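All remarks here apply to the structure that follows.
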Amino acid sequence: MKNFLSLIFCFLFLSFIPAAEAQQTVVDKMLITVSDGVRTELITYSDVLWQLALQPDSTLDNPGPTELRDVLERLTDQRLIALEANRLPAAAPTDAEVTEEIRRLVAAFPSAAVFEARLRRVGFESTDDPNFRRIIEQRLAINKYLDFRFRSFVVVTPQDEEQFYNGTFVQEFRRGSPGVVVPTLEQSRERVNQELTNRRVETDIEQFLTEARERAVITTLNPL
């Protein structure tokens, strides 16, 4: 099963500017359109490369077809969420929030120089490139929508925490830390609550995407 929290929250919305706005190092091509009947989102090959550039374990040198298809599917899911999010008014992220998100992204790489080299490979000048910052701003806006749409409505009771602790947390802790004394529920309550919330959000997002795919019109223009 996909880990939608890592796929969506960690690598969300890396390509919402038109391809012509960034300095392209590859010949771009249109791959897919995603429409809700009112608005249409286009996914291009450069979108896929931008996504790959921000994933530390992904290669930009001749990425394999499986990796490309996985990224394209992820981008399609992201576009489906974008179409829904655009129906609601929302405050734009601040410059400080954008800067902090870029700092978090850079920290996942060996160095800032490595990160910026990958950005240049896919058409951006640096982390200060206005087009790149605009992508991060849009990413943050969508993250805020997801928090509002899914996370803010999750209710976890003490009974839920106890059931999850006894039925799941203890077994997973023992597998991950053999020989270590399992912390009590009280010692682990915050962690248990967070993990249970994350799993419920993940389930809700999966259900939303299943329904969104059924409603949307997804058209393949060119195969990868």
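All figures in this text were calculated on a predicted structure; none of them were measured in a lab.
Between V106 and A112, the shortest heavy-atom distance links the atoms CG1-CA, 3.7 Å. When all heavy atoms are compared, the tightest approach of V114 to P110 is CG1-CD, 4.1 Å.
Hydrophobic clustering of Ile, Leu, Val, Met, Phe, Trp and Tyr side chains at less than 4.5 Å, counting indirect connections, keeps V217 apart from L209.
With E97 contributing its side chain and T94 its backbone, the two residues share a donor-acceptor pair below 3.5 Å. Without hydrogens or angle criteria, K29 side chain to L221 main chain gives no donor-acceptor distance under 3.5 Å. Listed for the D28 side chain is a donor-acceptor partner under 3.5 Å among the backbone atoms of Y45. In terms of modelled atom types and a separation under 3.5 Å, the side chain of D160 and the main chain of V156 share no donor-acceptor contact. T44 places a side-chain N or O within donor-acceptor distance of the main-chain N or O of D47, the cut-off being under 3.5 Å. Within the 3.5 Å criterion, the main-chain N or O of L52 finds a donor-acceptor partner in the side chain of R118. For the pair T184 (side chain) and Q187 (backbone), a donor-acceptor distance under 3.5 Å is present.
Surrounding CD of Q171 are more than 12 heavy atoms belonging to other residues, nucleotides or ligands, all under 6.0 Å away. Within 6.0 Å of CZ in R39 there are more than 12 heavy atoms belonging to other residues, nucleotides or ligands. Atom CD of E190 has 12 or fewer neighbouring heavy atoms from other residues, nucleotides or ligands inside a 6.0 Å radius. When the shell of 6.0 Å around CD of Q194 is examined, it contains 12 or fewer heavy atoms from other residues, nucleotides or ligands.
Side-chain atoms of E116 and T127 include a donor-acceptor pair closer than 3.5 Å. No donor-acceptor contact under 3.5 angstrom links the side chains of E41 and T33, judged on distance only. A donor-acceptor pair shorter than 3.5 Å can be found between the side chains of Q55 and R74.
Between N193 and Y165 the shortest side-chain heavy-atom distance does not fall below 4.5 Å.
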Begin from the C-alpha positions of F132 and E125 and carry the test side chain to side chain contact (heavy atoms under 4.5 Å, CB included) through to its verdict. CA-CA 9 Å; F132 176 68; E125 294 181 356; over 6 Å; no
Are E211 and Q207 close enough, and set up right, to give a side chain to side chain donor-acceptor pair (under 3.5 Å), and what steps lead you there? CA-CA 6 Å; E211 295 172 356; Q207 180 62 34; 2.7 Å; yes
Between R133 and T99, does the side chain to side chain donor-acceptor pair (under 3.5 Å) criterion hold? Intermediate values first, please. CA-CA 8 Å; R133 289 184 66 86; T99 298; 3.2 Å; yes
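Note that the CD1 atom of I102 and the CG atom of L54 stand 9.5 Å from one another [nearest 0.5 Å].
Ring geometry, W50 versus F124: the interplanar angle falls from 30° to 60°, so the pair is classed tilted.
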